[in-house]
Protein chains: 2
Amino acid sequence: MQKIYNIGVEATLEVIGGKWKPVILCHLNHHGKIRTNEFRRLIPGISQKMLTSQLRELEQAGLINRKVFNQVPPKVEYSLTPYGQGMEPILNMLCTWGEKHVEFLQDKGEEVLLKQRDEDIAIQQTS
Amino acid sequence: MQKIYNIGVEATLEVIGGKWKPVILCHLNHHGKIRTNEFRRLIPGISQKMLTSQLRELEQAGLINRKVFNQVPPKVEYSLTPYGQGMEPILNMLCTWGEKHVEFLQDKGEEVLLKQRDEDIAIQQTS
DNA sequence: GTACGTAGATTACTTTTGGTTACTTTTGAA
DNA sequence: TTCAAAAGTAACCAAAAGTAATCTACGTAC
């Protein structure tokens, strides 16, 4: 049974469509390696279930890597695969467009805030 | 009540998130002006309701223009606003990434097809 | 005066997505 | 002996997204 796309972007959306995937990918693009709990701090709104399911799907699509360290307590690290790195230009533009858009909304008088606290949170435990 | 984004891409997704919006925008980026029924041919899978609701939301966000010609039968033409044109680099990359991805899947032996019949359909009625 | 074409609204219905809560696993520390 | 930490899973439920079918409006062509 054949899958048919009418335009390239439809195939792209099949991979990164969904509420959280672009967010996850942008953080990975930004930080390199990220552990599960770091994701939860970087993306406060996401539930445990969504986080793992989205990570699994991105892994299946070949965009991200899941590296399990055999230790207790467990440690799992996610990162972009080389194939996923092919998305970097897109991820960067999605982020910067959003930043500009927030400024645009603020200029219009809307009450919007961009936290971008990445730097603060980033690498706290280098375990 | 303030809206808070943790990273730029979240703001971007608020505007172009959803199954159809990037597809609509890509077609507009590609063709310039598109009428309602042209959209239905370009995006066979979309329902009437989704098409108009997504177009309305994109219009509200200031990305697209809705031009009504006062004639019978009705004619409505959609196009990117200057603000929406700021998305063009992103839209182009989303399309070309998808095209490459389809090739990648085909090389892996998956049964995937990219129609990209845009040229065929495009401007049939110049009314 | 009947049917056509275009754009869209409405309603009722189904499917998909996402959230909540509770439970699991393993080992070292209190 | 019981707990804590990290990364999950599983079962259930609510909400959102999406679909199909029908209805409106109107001027033109037949």
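First the proteins, then the strands, lettered A, B, ... as listed; each starts at 1.
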Please tell me if A:Arg35 has a side-chain N or O lying less than 4.0 Å from either OP1 or OP2 of D:dA7. yes

Would you classify B:Arg66 as touching base, sugar-phosphate or nothing, given that sugar-phosphate means primed atoms plus P, OP1 and OP2, and contacts are heavy atoms under 4.0 Å? sugar-phosphate

In terms of the nearest nucleotide of DNA chain C, which residue is placed more toward the 5' end: A:Ile46 or B:Pro74? B:Pro74

Looking at every strand, decide which applies to A:Tyr78 at a 4.0 Å heavy-atom threshold: base, sugar-phosphate, or nothing. sugar-phosphate

Provide, to the nearest angstrom, the distance between the CD atom belonging to B:Glu77 and the C1' atom belonging to C:dT6. 14 Å

Is there a side-chain contact between B:His31 and B:Glu38, using heavy atoms and a 4.5 Å cut-off? no

Pick base, sugar-phosphate or nothing for B:Gly17, based on heavy-atom distances below 4.0 Å to the nucleic acid. nothing

To the nearest Å, how far apart are A:Lys67 NZ and D:dA7 P? 14 Å

Protein-nucleotide distance (B:Glu38, atom CD; C:dG8, atom P), rounded to Å: 13 Å

Under a 4.5 Å side-chain heavy-atom rule over Ile, Leu, Val, Met, Phe, Trp and Tyr, are A:Leu55 and A:Val68 clustered together? yes

Students often get this wrong, so: under 4.0 angstrom with heavy atoms, is A:Arg56 touching a base, only sugar-phosphate, or nothing? sugar-phosphate

Testing the basics here: between B:Gly62 and B:Thr81, what is the closest heavy-atom pair and its distance to 0.1 Å? O-OG1, 2.6 Å

In terms of side-chain heavy atoms, does A:Tyr83 have a donor or acceptor partner in B:His101 at a distance below 3.5 Å? yes

Does A:Asn37 put a side-chain nitrogen or oxygen below 4.0 Å from OP1 or OP2 of D:dA5? no

Any side-chain N or O of A:Thr36 under 4.0 Å from OP1/OP2 of D:dG8? yes

With a 4.5 Å heavy-atom cut-off, do B:Lys33 and B:Lys67 have their side chains touching? no

Position toward the 5' end of DNA chain D (nearest nucleotide), B:Gln54 or B:Gln48: B:Gln54

Between atom NZ in B:Lys19 and atom C1' in C:dT16, what is the gap in whole Å? 9 Å

Rounded to whole angstroms, how far apart are NZ on A:Lys21 and C1' on C:dG18? 13 Å

Rounded to whole angstroms, how far apart are CZ on A:Phe69 and P on D:dG8? 13 Å

In this structure, how many angstroms lie between the C1' atom of C:dT6 and the CG atom of B:Asn70, rounded? 13 Å

Does a side-chain N or O from A:Thr52 land closer than 4.0 Å to OP1 or OP2 of D:dA7, or not? no

Does any N or O donor sit under 3.5 Å from an N or O acceptor when you compare the side chain of B:Lys49 with the base of D:dT19? yes

Can you measure B:Lys33 atom NZ to C:dA7 atom C1' for me and round it to whole angstrom units? 18 Å

